[in-house]
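See below for the structure under consideration.
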Amino acid sequence: MDRQEHRPPAHPNGSAKNSSPGSEGASSLRLVAWEVTRTCNLSCIHCRAAALDKPYDNELSSQECRRVLDEIASFAKPIIILTGGEPLMRPDIFELAAYGNELGLRMTMAPNGTLVTQKAVRKMVESGIQRISISLDGATAESHDAFRRVPGAFEGALRGIRNAREVGLPFQINTTITAHNLHELEAIQKLAVDLGAVAHHIFLLVPTGRGKNLEEQAINAVQYEETLHWFYEQRDRVPLQLKATCAPHYYRILRQRARKEGKKVDMATFGLDAMTRGCLGGTGFCFLSHVGQVQPCGYLEVEAGNVRTQSFREIWETSPVFLRLRNFKALEGKCGRCEYVRVCGGCRARAFEATGNYMAEEPLCLYEPRQADSGRS
């Protein structure tokens, strides 16, 4: 499964109801990562889904998928990220993309690159895909292929990137950071620039799925902080939209550094449709599984509902899981009393994996709150 964050061109977003962060109620839906299939031709060591190259039972049918797209479009116009598994292994993927596009949804895709042929990119463009993300978790074939556990994955990703570039399909590079590739991060970013990417998104490992086997490869809290400071410093050094995902601390660091340097926080760096908060699980973002389960994100496997038994809108607006996540005052430990809670919020999935409680404090944060007023940022 490839990571699932995109920033295509801006588009007006509609929602039946909105509430300010920190209070219970419906929040504006801005991103949906949709695992349209769990089947995948790779076997990546960090995969949250532990996806394999085999059919999976009970996946949502074409008719069910179209109904869900109708339900989403009835109250919002979010970015839809078609992910997996490997989304290009779903036979009707381009029909679904075209259908969502006709509804006014912003359709994007997160393939691993190896199946992004010239024919596939033409179909992506024809079906209205606005951007794709391809992951590079190493700057060389040796390191990337070791991460992906398939020889030739690196060359396959580069070939897919070249095919996208030839037809003018915008692409971004995603990188999951571990102790294994931390030393390559600068080289990976240079490669993203050289390839002509529009963005570089870094992902801090959340140990779920096969990623549980990488716990010893997770960077520690000090490395986490240092990496995010380095990433901040790239803002004026590279011609890329930069976004840190599963790393909500970045939004605290962004404000701390900007304040220290006497700068205004410029969210435009993240892209035309920027998100301005750290953990978005259940607040502006949700994940939809191959069997219809809705959860806050792909790494936080807490079911908020299932589209086979409830409408998507009902789940988004009334699920007790989502309502709890939108109540920042309910966050526990130092996250609950942090002055940056509204812009960071801590990684709820990482808290859940560490404690079994998704409202617990973020386990990889060095920052100590200065005050009890969690409403300030």
Side-chain angles (χ1 to χ4, degrees), residues 1-8 13-19 21 24-38 48-49 60 64-65 67-85 87 96 100 103 105-110 133 203 206 208-209 243 245-246 248 273 275-328 330 345-352 358-359:
M1 180 207 70
D2 269 324
R3 268 78 64 204
Q4 315 153 347
E5 285 285 325
H6 296 261
R7 295 294 175 269
N13 181 33
S15 179
K17 295 192 295 181
N18 288 289
S19 64
E24 295 185 5
S27 289
S28 177
L29 178 65
R30 302 187 63 183
L31 277 168
V32 178
W34 190 342
E35 180 190 57
V36 290
T37 182
R38 186 158 282 192
R48 130 203 98 70
L60 294 175
E64 288 175 312
C65 288
R67 175 177 55 76
V68 171
L69 289 168
D70 286 334
E71 291 172 359
I72 293 172
S74 73
F75 75 102
K77 294 293 184 287
I79 301 165
I80 305 292
I81 307 162
L82 302 173
T83 183
L96 295 179
L103 293 173
L105 301 171
R106 292 164 287 173
M107 307 303 291
T108 67
M109 189 181 292
S133 65
F203 291 69
V206 179
T208 60
K243 174 74 166 56
T245 299
C246 301
D273 197 29
M275 291 296 181
T276 57
R277 184 176 185 268
C279 184
L280 293 167
T283 62
F285 170 84
C286 69
F287 174 86
L288 177 58
S289 83
H290 66 303
V291 294
Q293 178 171 310
V294 181
Q295 55 197 59
C297 78
Y299 303 105
L300 179 51
E301 295 189 12
V302 176
E303 185 168 358
N306 193 294
V307 295
R308 282 177 161 149
T309 57
Q310 292 175 272
S311 75
F312 186 96
R313 181 174 185 174
E314 179 185 5
I315 296 169
W316 178 253
E317 293 187 346
T318 68
S319 165
V321 173
F322 289 162
L323 294 181
R324 192 177 182 206
L325 285 166
R326 292 167 194 165
N327 181 11
F328 302 157
C347 176
R348 298 298 96 221
R350 198 173 289 116
F352 185 71
Y358 59 82
M359 300 300 283

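Counting begins at 1 with the first residue of the sequence.
- Across every non-hydrogen atom of Arg348 and Cys279, the tightest pair is CG-SG, 3.7 Å.
- The OG1 atom of Thr83 lies 11.5 Å from the CG atom of Leu288; values are rounded to the nearest 0.5 Å.
- The line from OG1 of Thr245 to CZ of Phe203 is 4.0 Å long, rounded to the nearest 0.5 Å.
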Residue pair Leu105, Lys77: steps toward the side chain to side chain contact (heavy atoms under 4.5 Å, CB included) verdict: CA-CA 5 Å; Leu105 301 171; Lys77 294 293 184 287; 4.2 Å; yes
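- Cation-pi geometry between Arg30 and Trp316 is not satisfied (NZ or CZ under 6.0 Å from the ring centre, within 45° of the ring normal).
- For the pair Thr108 (side chain) and Ile80 (backbone), a donor-acceptor distance under 3.5 Å is present.
- Contact annotation: the side chain of Pro296 approaches that of Val321 to within less than 4.5 Å [non-hydrogen atoms, C-beta and beyond].
- For Arg324 and Tyr358, the positive end sits near the middle of the six-membered ring, less than 6.0 Å away and at most 45° from its axis.
- Here the CD atom belonging to Glu303 is positioned 7.5 Å from the OG atom belonging to Ser289, to the nearest 0.5 angstrom.
- A 4.5 Å side-chain heavy-atom check between Phe75 and Phe312 finds at least one atom pair inside the cut-off.
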From CA spacing to verdict: side chain to side chain contact (heavy atoms under 4.5 Å, CB included), Leu300, Phe287: CA-CA 9 Å; Leu300 179 51; Phe287 174 86; over 6 Å; no
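- The OG1 atom of Thr283 lies 12.0 Å from the CG atom of Leu323; values are rounded to the nearest 0.5 Å.
- Arg67 places a side-chain N or O within 3.5 Å of a backbone atom of Val307 that can act as its donor or acceptor partner.
- In this structure, Arg350 contributes its side chain and Cys246 its backbone to a donor-acceptor pair below 3.5 Å.
- Two residues are said to be in side-chain contact when any heavy atoms from C-beta on lie closer than 4.5 Å; Val294 and Ser319 fail this criterion.
- Counting all heavy atoms, side chain and backbone alike, Asn327 lies closest to Met359 at O-CE, 4.1 Å.
- Atom CH2 of residue Trp34 and atom CG of residue Leu69 lie 4.0 Å apart, to the nearest 0.5 angstrom.
- Val32 is listed as a side-chain neighbour of Cys286, based on a closest heavy-atom distance under 4.5 Å.
- Between Phe352 and Val206, the closest side-chain pair of non-hydrogen atoms is not below 4.5 Å.
- Contact annotation: the side chain of Met109 never approaches that of Ile81 to less than 4.5 Å [non-hydrogen atoms, C-beta and beyond].
- When all heavy atoms are compared, the tightest approach of Pro87 to Thr37 is CA-CG2, 4.3 Å.
- Here the closest non-hydrogen pair linking Asn306 and Ile315 is N-CD1, 3.5 Å.
- Looking at Arg313, its side chain never comes within 3.5 Å of a backbone N or O of Glu71 through a donor-acceptor pair.
- Although no hydrogens or angles enter the test, the distance criterion places a donor-acceptor pair under 3.5 Å between the side chain of Gln295 and the main chain of Cys297.
- The closest side-chain heavy-atom distance from Tyr299 to Cys347 is not below 4.5 Å.
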